[in-house]
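Counting starts at 1 for both ligands and their atoms, in listed order. We count residues from 1, following the sequence as given.
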Amino acid sequence: MRMIKIFDTTLRDGEQSPGCSMNINEKIEMARQLEAMGVDIIEAGFAASSQGDYNAVKALAKEIKNCTVASLARSLPQDIDSAWGAVKYTENPRLHIFIATSPIHMEYKLRKTPDEVYEQAVEMTKYAKKYCSDVEFSAEDASRSDRQFLKRVFEGVIRAGATTINVPDTVGYASPAEMADLIRWLRENVEGMDTVTLSVHCHNDLGLAVANTLAAILAGADQVECTINGIGERAGNAALEEIVMNLKTRRDFYNADTRIDNTQIYKASRLLSQITGVKIPPNKAIVGDNAFAHESGIHQHGMLANSLTYEIMTPESIGLSRSKMVLGKHSGRHAFNQRLRELGFVVSLDVADSLFKEFKTLADKKKTVSDRDIEALVRRELASEIPEAFMLERYVINTGNTITPTSSITLIKADGSREEKVAIGFGPVDASFNAINKIVDMKIELEEYSIDAVTGGHDAQGEVSVKITNGEKTVKGYGLSTDILEASILAYINAINNLIYETTEREEIK
Ligand code: KIV
Ligand code: ZN
């Protein structure tokens, strides 16, 4: 059975996508889950892109023991220096360098001739090789590159010491048949290809990222680059869970396997969604809420007679238990901690303790506490790990259909002092945000506001998420309460605290 290497780029390509940025603690938490799941390579970030990315790659390099840790770098000495400075702390470091090889990228983006690109690729591979034995070379936009030029570049970088050759379908342009043909052609025509790992990296612009990746595996690719839940630039990257479960479910057809412990997939997927706040569509393959739900009578009848009628893989195979105990006010710490683990949360004893207390308080108000309630509690707890520059003390809101909504807010600052401001607005939420703006006195724009009932029913908690920006950084914030105005105020304050943290701790390299 062929073993396919899984190169996970959730923390680099995935994190690059809008709304998916993660702070260093969130990246570490996610990386631990990727390691537990058994990915072969974790791409931890793009060290030269910002001080925050550099710090995150370095922190992950120190933390992760059982996978190779990679940093991306452009084919430039300063990028490679920075990538190595961050990634060298791990036992198995990888430098991943790239340069574009398609005519359109070379002419309009790089403004270089093919000869210049060839020289730079080879020289920078040699440069990276001085630091690290494990060097991956990516030909950006490979699927739209001239094959003879790709062959020349790949042969040059292999001679210069590259150990993995990556073939990205950067803009998701290829079809499965084309991708397979390209991989087969490269295998047959590039001298030295049999001495290195041949990799693919497919984007999802036409919805074909996973299909292209699987076609490449059939054609001889030994490594695939992917992300949890398929997050990534634009329409995303190939989804790790879909690739892995295709190989597992159709082993008869692909005759290939991975090192991934597929029972960790659900945890990883939920954890990423918790951390980024990006919801998983209910019909998402493998990990969506409906992926194992059978609604129609005919299907239910078939399932009861023999589950193989409508189920090609089991929920248990991705780590989702079929029958769950209901959690309520009589549930103990053991059952609660077990559910936390099933949902993918790896938390310290202190955090588990405080979550259990909050769970008990909630269980007194609600008959049953659902997984969504628990996820919301954890999200609030994780959000509160950021130092609080401002905390809510009290709010009084006057609103109605015949008066101008007015909100009075009192915040406590980090030095213990209090400030109260009053503001009006188009509605009670707007009035409250205006009052908060007067206190924090920062340039803030609200980009997104959304409110969800965590579960159905009159006792449901309201979960508010907001996205704010100061023009340079965009951050999110969460608030949770059975009172939706309080949830809104808490979410806005949480986002402001995150923005202050991000702008002081993660200042960009100038
Ligand atoms: O999509 C792409 O081409 C990339 C490379 C940097 C590997 O992400
Ligand atoms: Zn990419």
Considering the Zn ion (ligand 2), could you give the total of protein N/O/S atoms lying closer than 2.8 Å?
3
Under a 4.0 Å N-O cut-off, is there an ion pair linking [X] with [Y]?
X: Arg32; Y: Glu35; answer: no
X: Arg187; Y: Asp222; answer: yes
X: Asp452; Y: Lys279; answer: yes

Out of curiosity, Glu242 CD to Ile286 CD1, how far, rounded to the nearest 0.5 Å?
6.0 Å
Axial cation check for Phe98 ring with Arg74, 6.0 Å and 45° limits
no
Is atom CD of Gln78 surrounded by more than 12 heavy atoms (other residues, nucleotides or ligands) closer than 6.0 Å?
yes
Around Glu191, counting heavy atoms of other residues, nucleotides and ligands shown, do more than 12 lie under 6.0 Å from its CD?
no
Mind checking what residues have non-hydrogen atoms under 4.0 angstrom from ligand 1?
Arg12, Asp13, His96, Phe98, Ser138, Glu140, Asn166, Pro168, Thr170, His201, His203
Ring geometry between Tyr131 and Trp84 (parallel below 30°, tilted from 30 to 60°, perpendicular above 60°)
parallel
Which of parallel (below 30°), tilted (30 to 60°) and perpendicular (above 60°) describes Phe433 and Tyr492?
parallel
